[in-house]
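One structure below.
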Number of protein chains: 2
Amino acid sequence: MNKKHISTKENILQTTIDLLNKKGLQNVTFRNVADALHISLGNITYYFHKWDNLMDVIFTDYCVKDVKELYLYFPTNIHEIAQYISRIYDLQIKYTFLFSNFYLFFNVFSRYNHFKEEFFIDRMDKMRLGFIHLAEQNYMYLPSKDHDYDLLTKDMWVFVANWYGFSRMFNDSPNRITKEQFFMSIYNISVFHLTEEGKIAILESFDKLRKEGVFDK
Amino acid sequence: MNKKHISTKENILQTTIDLLNKKGLQNVTFRNVADALHISLGNITYYFHKWDNLMDVIFTDYCVKDVKELYLYFPTNIHEIAQYISRIYDLQIKYTFLFSNFYLFFNVFSRYNHFKEEFFIDRMDKMRLGFIHLAEQNYMYLPSKDHDYDLLTKDMWVFVANWYGFSRMFNDSPNRITKEQFFMSIYNISVFHLTEEGKIAILESFDKLRKEGVFDK
C-alpha cells in the first residue's frame, strides 16, 4: 500500500473511534464516518466491507494492543502508581466508547467475550497481588477481616470501569468527576487500607503530577 | 376495565420488565413478550400501540413511582441505614435494565433526560446533606480536606449505579459481587470517614440483617 492508502485507512479508523467516543457505541454508521471525512461511502467500504470488519480492527489493533502495552509493566513501586493511574486515565479517554461501558460493549459484541478473561480476570488478579505486595512493603495493612483486598479490587474496578460513563451524564455541571477527582477517588477508596507511610507516598506522587499540570488538561 | 383486561395489561408490563432485566434494554421486542406470555402480537398492541408507549408506562408508572417512594423517607438515624441500603438493593434488582446502566438508558431514551435532575442531582444533594448530618452526630468526621463529602457522594453513586452491571459480566464466578459484598463495599468506601462510633453502628446494623438472612437471598 502506498502512503495515501495507509493514511485514508487510518483516518477512517481514527475518525470512527472519535465518533464512537462522542456519540456512543451504537450510534455511528458508515455514513457518519464518510460525512466527517468528506469522502464517499465506497471509499470506506473499499477498506472495510462491513461495519464488523471495521470494529474488529479497532478492537484488536487499537484497544487490545494498547491495553496489552499498558499491562506489560505493572508498577510494584508505590511511587510509580500515580504515573500508572495517569496512563489508565489516558487510555480510558482515548477509548471512551469501550471503557465507559464494558457491560454494553460485551453485550453488543458478544464475539469478543473471550477477551473478558484477559481484560478483567487476569488483571483483577494482578491488582489483588499488587495490594499484597504493597502490604509486604508496609504501605498497606496486611490482609485481615478489616482489610479485604479481594473486595477492594472489585470496588476499585467498578469505579475505574464506570466513573467516566457516570460523569459524562453531567457534562460541565459540578456533578461531573474531574481528572483530579478521578485520582482522589482512587485514593479515597483505598485510604482506609493505607498505612501512614502509604498515604504519604501516594499523596506525594499525586502532588508531583499536580505540579506538572497533569490535572489541568 | 374488567379484571381480565387489567391482568393481561399487567402481565405484559411485568413480563416486559423481566425480559428487559434478563436480555438487556435493547434486546426485547413485542414478539418476545408475546411468545413469553403465549399470546398474540395483536393482544399486546391492543394495549400498547408502540414499543415507546409500553416503555413510557414502565418508566413512569413503575420505575419513577418506586424510586419516588424510596426517597420519600431518607434515613437520618444511622441504625436505619442498613435497612435503607437493603431497599436500594431490592429496587436495583427489580429494575436491573435501568439501574445497571443509567448511561445507556438515558442515551437510548433521551426523552427521559429531564428525569436526570430528580434521579441524580436532587438525590446526590440529599446524600451530601446526609453525610453532614451524620458528622454532626459524631458518626462521621467533620468535613475537611481529608473528609470531602462531595467526592464521597460521587464515588458512592458511581458504585451504587454500576456495581450490578459490572458484577453481571461474571455470572457465578468469584469475580461477581454478592449481596453481602454490595453492603460491605458501601461500608468500605465510607469507612475512612466513619468515627469508631459510626463504624460500630453500621456494622451492628449489617449484622442484624445478616442474622435475619437478608444476605442469603
Side-chain angles (χ1 to χ4, degrees), chain A residues 23-27 100-108 113 116-117 119-121 124-125 145-148 150-171 173-178 180-182 184-194 199 203, chain B residues 23-27 100-108 113 116-117 119-121 124-125 145-148 150-171 173-178 180-182 184-194 199 203:
Chain A
K23 301 176 55 163
L25 191 59
Q26 292 172 299
N27 306 317
S100 69
N101 217 323
F102 279 114
Y103 183 53
L104 171 64
F105 184 84
F106 285 107
N107 241 317
V108 174
N113 262 317
K116 275 190 194 169
E117 187 80 23
F119 254 79
F120 300 103
I121 300 174
M124 286 172 82
D125 286 343
K145 197 166 165 280
D146 269 352
H147 303 293
D148 177 344
D150 173 54
L151 191 60
L152 180 61
T153 298
K154 290 178 181 179
D155 294 345
M156 202 61 97
W157 272 80
V158 170
F159 179 78
V160 171
N162 293 290
W163 76 278
Y164 195 62
F166 186 80
S167 179
R168 265 160 63 104
M169 289 198 298
F170 305 110
N171 302 318
S173 91
N175 282 302
R176 85 184 177 101
I177 296 171
T178 65
E180 179 159 3
Q181 285 177 331
F182 167 73
M184 286 313 294
S185 297
I186 290 176
Y187 175 74
N188 277 332
I189 292 169
S190 54
V191 59
F192 180 70
H193 311 288
L194 292 169
K199 282 182 211 172
L203 288 179
Chain B
K23 301 176 55 160
L25 190 59
Q26 291 171 301
N27 306 317
S100 69
N101 216 323
F102 279 115
Y103 184 51
L104 172 64
F105 184 83
F106 286 108
N107 242 316
V108 174
N113 261 318
K116 274 189 194 169
E117 187 80 22
F119 254 79
F120 300 103
I121 300 174
M124 287 173 83
D125 286 343
K145 198 166 165 279
D146 270 352
H147 303 292
D148 176 344
D150 174 54
L151 191 59
L152 181 60
T153 297
K154 291 178 180 177
D155 294 345
M156 201 61 97
W157 273 79
V158 170
F159 180 77
V160 171
N162 293 291
W163 76 278
Y164 195 63
F166 186 81
S167 180
R168 265 161 63 103
M169 289 199 296
F170 304 110
N171 302 318
S173 90
N175 282 302
R176 83 185 178 100
I177 296 172
T178 65
E180 179 159 4
Q181 285 177 332
F182 168 72
M184 286 313 294
S185 296
I186 290 176
Y187 175 73
N188 277 331
I189 292 169
S190 54
V191 59
F192 180 70
H193 311 288
L194 293 169
K199 282 184 209 170
L203 288 179

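Only the side chain of B:Phe170 comes within less than 4.5 Å of a heavy atom of chain A; its backbone N, CA, C and O stay farther away. For B:Phe192, the parts lying under 4.5 angstrom from a heavy atom of chain A are both the backbone and the side chain. The part of B:Asp150 that comes within reach of chain A is its side chain, from C-beta onward, which places non-hydrogen atoms under 4.5 angstrom from that chain. Heavy-atom distances place both the backbone and the side chain of B:Phe102 under 4.5 Å from chain A. Contacts between B:Asn107 and chain A at a heavy-atom distance below 4.5 Å involve the side chain alone, from C-beta outward.
Contact check for B:Tyr187 versus B:Leu194: side-chain heavy atoms found under the 4.5 Å cut-off.
The choice from A:Met169, A:Gln26, A:Lys23 that makes the most heavy-atom pairs within less than 4.5 Å of chain B is A:Met169. For the options A:Asn27, A:Leu151, A:Thr153, heavy-atom pairs under 4.5 Å to chain B are most numerous at A:Leu151. With respect to chain A, the highest number of heavy-atom pairs below 4.5 Å among B:Asn113, B:Ile189, B:Asn175, B:Ile121 belongs to B:Asn175.
The heavy-atom pair separating A:His193 from A:Asp146 by the smallest distance is CE1-O, 3.5 Å. Annotation for B:Trp163 and B:Thr178: closest pair CZ3-O, 4.5 Å, computed over non-hydrogen atoms. Between A:Lys154 and A:Met124 the shortest heavy-atom distance is CG-CE, 4.0 Å. Minimum interatomic distance between B:Val158 and B:Asn162 (heavy atoms only, all atoms of both residues): O-ND2, 2.8 Å.
Using a distance-only test at 3.5 Å, with no hydrogens or angles considered, a donor-acceptor pair links the side chain of A:Ser185 to the main chain of A:Gln181.
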